[in-house]
2 protein chains.
Amino acid sequence: MTKEDQMIEEMFNHEGDLTERQKKILAAAIESFAEKGYSATSTKEIAQKAGVAEGTIFRHYKTKKELLMSIVTPMMIKLMAPIIIKDINKVLNHDHETFEDFIRAMIDNRRKFLKNNVKIIKIFIQEIPFHPELKEQFMEHVGSKVFTRLRQIIDHYQEKGQIINLPIDTVIRLTGSTIIGYFVTRYAILPDADWDDEAEVDSTVRFLMKGLAPGGVIRRVH
Amino acid sequence: MTKEDQMIEEMFNHEGDLTERQKKILAAAIESFAEKGYSATSTKEIAQKAGVAEGTIFRHYKTKKELLMSIVTPMMIKLMAPIIIKDINKVLNHDHETFEDFIRAMIDNRRKFLKNNVKIIKIFIQEIPFHPELKEQFMEHVGSKVFTRLRQIIDHYQEKGQIINLPIDTVIRLTGSTIIGYFVTRYAILPDADWDDEAEVDSTVRFLMKGLAPGGVIRRVH
DNA sequence: AATAAAAGTGAGTACTCACTCACTACCGCG
DNA sequence: CGCGGTAGTGAGTGAGTACTCACTTTTATT
């Protein structure tokens with residue numbers, strides 16, 4: 001875990017305030033929500049899995065939905081935070097001379113986090129279409145900032161002439177599709193296949209760089 | 001709609017057998033499942049939306065789950081069928097001389113279908129994690145055949161030297177991510193943005209072709 | 001027109017749901 | 001020790017839940 005992650009951890013993490021039973025409730029809820037979905041999971045079931053009375057859940061969370069939110073909200077902030085928080089000049093000029101460096105750093109940086117939070121992210125993606133507040137919360141407090149920042153970053157590398165001059169949103173879409181597509185197949189669709197992660201990331205980044213290279217015509221170099 | 005699509009339509013479509021009320025039930029169920037999710041939708045609600053008594057639903061479908069299946073199963077067969085059914089030699093040698101032709105044909109061919117079935121596909125994707133039978137049905141009867149066929153196709157163009165010699169499954173992943181990523185942003189995430197579809201498909205296909213071009217080093221041609 | 005099968009109905013059934021509340025157990029503080 | 005506050009309990013509540021069934025209406029067949 002990087003220093004930034006630790007900082008973010010401290011900023012948003014109130015897990016220290018939680019009682020043992022509360023932690024058990026959260027763990028049980030995450031387990032069940034991920035396995036059967038929010039709607040198909042009963043509070044009784046969560047209570048049993050946590051080894052706790054049903055009333056205890058409602059002592060800490062007014063409604064079942066509040067329980068869902070308390071799982072999902074801190075995760076999405078933690079997931080997006082590094083992109084927003086990092087000093088942009090540092091990122092662009094010092095740390096990552098090339099767009100490829102930047103992409104590789106991003107993948108490295110977020111991999112561990114994703115790995116440890118597959119279940120919560122699964123819940124988040126599953127439930128987003130059915131809870132408008134969740135979508136709004138995401139768009140207003142996270143999504144828009146992330147996209148603004150991403151646009152700055154793409155623009156920077158475009159001006160440096162490192163990547164093709166397509167509309168910025170198209171570049172974001174193509175880059176996002178490629179990286180998210182890798183993570184989804186790696187951790188959601190085929191998590192049990194034997195992956196050579198280093199090789200796959202390498203292929204993926206090369207593909208991305210070649211695809212986004214400036215100029216339309218390509219010639220093999222012998 | 002192509003001739004193949006019509007053929008498939010006739011092969012799998014039993015909509016002619018359905019009564020007016022049954023069609024209304026299906027339409028109402030699709031609407032509600034897509035909007036609120038399968039678990040959060042009650043049969044009473046579906047009946048009301050369809051203007052039908054609750055008992056009528058269970059006259060035609062033994063259980064609520066059977067209703068879900070009757071919506072989702074024919075769709076996934078129709079979605080995948082063209083890839084399986086088409087005469088492979090015709091596809092590879094006659095119709096599509098280059099991999100780019102093949103990709104463009106695929107996007108064109110499936111766009112209309114996707115557009116007309118967004119809701120059902122949404123339901124399918126939402127529910128797949130929670131219904132093992134659905135996943136098995138998909139993998140055994142559709143998934144494996146599609147992947148076998150896709151592997152043949154990729155292999156063919158690799159041997160022709162048109163695309164890079166990465167592991168076939170990696171090529172499928174990269175191609176799939178790019179195309180599915182386009183369709184998902186186009187029809188699920190930002191369906192209301194004003195899209196220049198022709199330009200977007202063009203950028204996407206170019207990106208894919210450049211990314212999968214043989215050889216590791218790229219040089220701009222002036 | 002007679003008859004049988006199929007389609008449609010809606011009140012009823014057993015059960016589950018999220019959530020409440022009166023109560024007990026434990027904790028730190030004087 | 002006494003007191004106040006928080007944590008934990010589990011039986012209880014009314015509003016649903018998927019599904020059934022005895023019955024009526026429509027449709028097809030002769």
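The chains referred to below are lettered A, B, ... by the order of the sequence lines, with proteins before strands, and numbering in each begins at 1.
One atom, CZ of B:Arg21, and another, C1' of D:dT27, lie 13 Å apart when rounded to the nearest Å. D:dG8 atom P lies 11 Å from atom NZ of A:Lys24, rounded to whole Å. The CD atom of A:Gln22 sits 14 Å away from the P atom of D:dT6 (whole-angstrom rounding). Rounded to an integer number of Å, the gap from CG of A:Leu68 to P of C:dA18 is 13 Å. Atom pair A:His60:NE2 and C:dC19:C1' shows a separation of 16 Å (rounding to whole Å applied). Between the P atom of D:dC19 and the CD1 atom of B:Ile46 lies a distance of 11 Å, rounded to the nearest Å. Nucleotide C:dC15 holds its C1' atom 10 Å from the NZ atom of A:Lys44, rounded to whole Å. One can place CD of B:Gln48 at 12 Å from P of D:dA18, the figure rounded to the nearest angstrom.
At a threshold of 4.0 angstrom between heavy atoms, the contacts of A:Thr41 are confined to the sugar-phosphate backbone, with no base atom among them. Residue B:Thr56 is in base contact, counting any heavy-atom pair closer than 4.0 Å across all strands shown. Base engagement by A:Thr43 is indicated by at least one non-hydrogen atom pair under 4.0 Å involving a base atom. Among the heavy atoms of the strands lying under 4.0 Å from B:Glu54 is at least one base atom, whether or not backbone atoms are also near.
Under the 30°/60° scheme for interplanar angles, the aromatic rings of A:His131 and A:Tyr38 are found to stand perpendicular.
Residue pairs meeting the salt bridge (charged side-chain N to carboxylate O under 4.0 Å, His left out) criterion with at least one member in residues 25-51 of chain B, sequence neighbours excluded: B:Glu31-B:Lys119, B:Lys36-B:Glu45. The stretch residues 122-145 of chain A participates, sequence neighbours left out, in these salt bridge (charged side-chain N to carboxylate O under 4.0 Å, His left out) pairs: A:Lys65-A:Glu133.
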### Task
Going 5' to 3' through nucleotides 21-26 of chain D, assign each nucleotide B (protein heavy atom under 4.0 Å from a base atom), S (under 4.0 Å only from sugar-phosphate atoms) or - (no protein heavy atom that close).
-B----
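With hydrogens and angles left out, the side-chain atoms of B:Arg173 and A:Thr204 include a donor and acceptor closer than 3.5 Å. Using modelled atom types, one finds a donor on one side chain and an acceptor on the other under 3.5 Å when comparing B:Tyr182 with B:Asp197.
For B:Ser42 and D:dT17, the shortest distance from a side-chain N or O to OP1 or OP2 is below 4.0 Å.
Under a 4.0 Å N-O distance rule, the pair B:Asp155/B:Arg151 does not qualify as a salt bridge.
The cationic group of A:Arg110 lies under 6.0 Å from the six-membered ring centre of A:Phe113 and within 45° of the ring axis, placing it in a cation-pi geometry.
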